[in-house]
Asks: 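First, the structure itself, so that you have it in front of you.
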There are 2 protein chains.
Amino acid sequence: MVRSGYAAVSSRRVAASVGINAPLLHYYFPTIDDLFVAVMRRRANQYVERMAAALASPEPLRAWWELASDAGGAGLFVEAIAAANHRPALRIEVGKVARDLRQLQMQTLTSLLDEYGLDPDEFPPALVAAALQGLAFGLVSDQMAGYETAHAEAAAGMAKLIARLEQQRARRLSARGRIPARRTSARP
Amino acid sequence: MVRSGYAAVSSRRVAASVGINAPLLHYYFPTIDDLFVAVMRRRANQYVERMAAALASPEPLRAWWELASDAGGAGLFVEAIAAANHRPALRIEVGKVARDLRQLQMQTLTSLLDEYGLDPDEFPPALVAAALQGLAFGLVSDQMAGYETAHAEAAAGMAKLIARLEQQRARRLSARGRIPARRTSARP
DNA sequence: GTCTATAGCTGGATAGAC
DNA sequence: GTCTATCCAGCTATAGAC
């Protein structure tokens, strides 16, 4: 799916690549949609967990960005979202992940923006989350397609910006007498 | 294409919707790729022109944002980019537009960032352009698919942020004795 | 230019033997 | 569970009459 695009995923081809033949694939996954949904559900759960871990790490923003802009992990979702455009069953599944992820991100941001020194009136959680995800998605997808949209410069700029924000947060936290630590640890 | 997704575009269906039949469509557009490329080329030129006009308007950032986040205009590109993923001929065409648009945006930003009071070291043109486009693309595409990702809040936040930036620019320009005017007019 | 007829392919899915 | 054989649908594209 990532290598050749979701359009290359057909019952015959998938079956062949696993060494069985098409009818047997239909024995396990009655319809092709069932297959897409199963793959999606499995990877989505992993991804949500990795996102939760990133958001709870010592440098939440950096970890989030690295996860979102990693071509390996995000590549599947680029294809999934495209495929979902004309596969209703898959769209429902992708919709659930999208909603869960955004909810998770916004919740974390609400309590995190202050630590980064960002005014939630100027940068509301919904905007920050959508911007970060949109930027990452665009970069990964342009990179995958080979479009010359200066994605390398943009990625470099973003890395620098995030480094600055993490520094800022570290200073703020230490000024409050807290060591920037895992958010899951006990809070004073 | 926008209504039912690019997958609904087949020679038969397109022909039927124009009141002719498939072979005649192939008479005008030998292959389906030719049709996609022709449509893309036509709309792309219009879009580049509109983008240039937006960037030369009295409030460049606002105009750019409105153009990019307009579901009507951007909807086609959401589908085109998805379709380009498995149509090499179309990918080349989309790649050209993507490159031209980004180049145009970055050029303008280079001379514009200062007026908005943005430090080009903190926010390089490539980053600003990619972020704005990525955000807009994500919002439009989530909206089209019906995903619950708080796109309304994000859009509202972005509108507010841009309003602030335009205000800031207006103040800066008037402080320098310039009326914020069309960038195509004569400069002192 | 515009049509009918049709070839040729690929894919989803099922029947039914083993 | 796993296979062979097969049906049916939809699409791209061409041949050839008018």
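These values consider heavy atoms only, across backbone and side chains, with no hydrogens, waters or symmetry-generated copies. Lettering of chains follows the sequences in order, A, B, ..., and the numbering in each one begins at 1. For clarity, every value in this text was computed on a predicted model and none was experimentally measured.
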Asks: If you look at every heavy atom in A:Arg172 and A:Glu115, which pair is closest and at what distance?
Replies: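 Closest heavy-atom pair between A:Arg172 and A:Glu115: CD-O, 3.2 Å.
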
Asks: Contact between A:Met1 and A:Phe36 at the side-chain level, heavy atoms closer than 4.5 Å - yes or no?
Replies: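 In contact.
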
Asks: Going by heavy atoms in the side chains, are B:Arg43 and B:Val97 under 4.5 Å from each other?
Replies: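 Counting from C-beta outward, B:Arg43 and B:Val97 never come under 4.5 Å.
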
Asks: Under 4.5 Å between any side-chain heavy atoms of B:Arg169 and B:Pro60, yes or no?
Replies: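 Contact flag for B:Arg169/B:Pro60 side chains = yes.
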
Asks: Any pair with a residue in residues 150-171 of chain B that passes ring-ring contact (aromatic ring centres under 6.0 Å, His included), sequence neighbours left out, goes on the list, sorted by first then second residue, please.
Replies: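 Qualifying pairs: none.
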
Asks: What pairs with A:Ala15 under side-chain contact (heavy atoms from CB on, under 4.5 Å), at least two apart in sequence or on another chain?
Replies: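 side-chain contact (heavy atoms from CB on, under 4.5 Å) check on A:Ala15 returns A:Ile20, A:Leu25.
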
Asks: Should we say atom CZ of A:Arg50 is surrounded by more than 12 heavy atoms from elsewhere, each under 6.0 Å from it?
Replies: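 No, not enclosed.
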
Asks: Tell me whether A:Leu90 shares a hydrophobic cluster with A:Leu101, the cluster being built from Ile, Leu, Val, Met, Phe, Trp, Tyr side chains joined at under 4.5 Å.
Replies: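 Shared cluster, yes.
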
Asks: Using a strict heavy-atom distance below 4.0 Å, which residues from residues 80-90 of chain B are in contact with DNA chain D?
Replies: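 Of all residues in residues 80-90 of chain B, none places a heavy atom under 4.0 Å from DNA chain D.
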
Asks: Please list residues of residues 21-29 of chain B whose heavy atoms come under 4.0 Å from any atom in DNA chain D, ordered by number; otherwise none.
Replies: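 Correct list: B:Pro23, B:His26.
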
Asks: Transitively linked via ILVMFWY side-chain contacts under 4.5 Å: A:Leu135 with B:Phe137?
Replies: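 Result: yes, single cluster for both.
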
Asks: Hey, where on DNA chain C does chain B first and last touch, going 5' to 3'? Cut-off is any atom under 4.0 Å from a heavy atom.
Replies: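 Footprint of chain B along DNA chain C, 5' to 3': C:dG1 to C:dA5.
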
Asks: Quick one: closest heavy-atom pair of A:Arg62 and A:Ala163, and the distance?
Replies: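 Closest pair (atom of A:Arg62, atom of A:Ala163, distance): NH2-CA, 4.2 Å.
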
Asks: For DNA chain D, determine which residues of residues 30-39 of chain B have any heavy atom closer than 4.0 angstrom to one of its atoms, and list them numerically.
Replies: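 Heavy-atom cutoff 4.0 Å gives B:Pro30, B:Thr31, B:Ile32.
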
Asks: Please tell me if the side chains of B:Tyr47 and B:Leu67 come closer than 4.5 Å, counting only heavy atoms from C-beta onward.
Replies: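 Yes, close enough: below the 4.5 Å cut-off.
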
Asks: Verify the neighbour count for atom CZ of A:Arg176: are there more than 12 heavy atoms of other residues, nucleotides or ligands below 6.0 Å?
Replies: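 Check passes, neighbour count above 12.
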
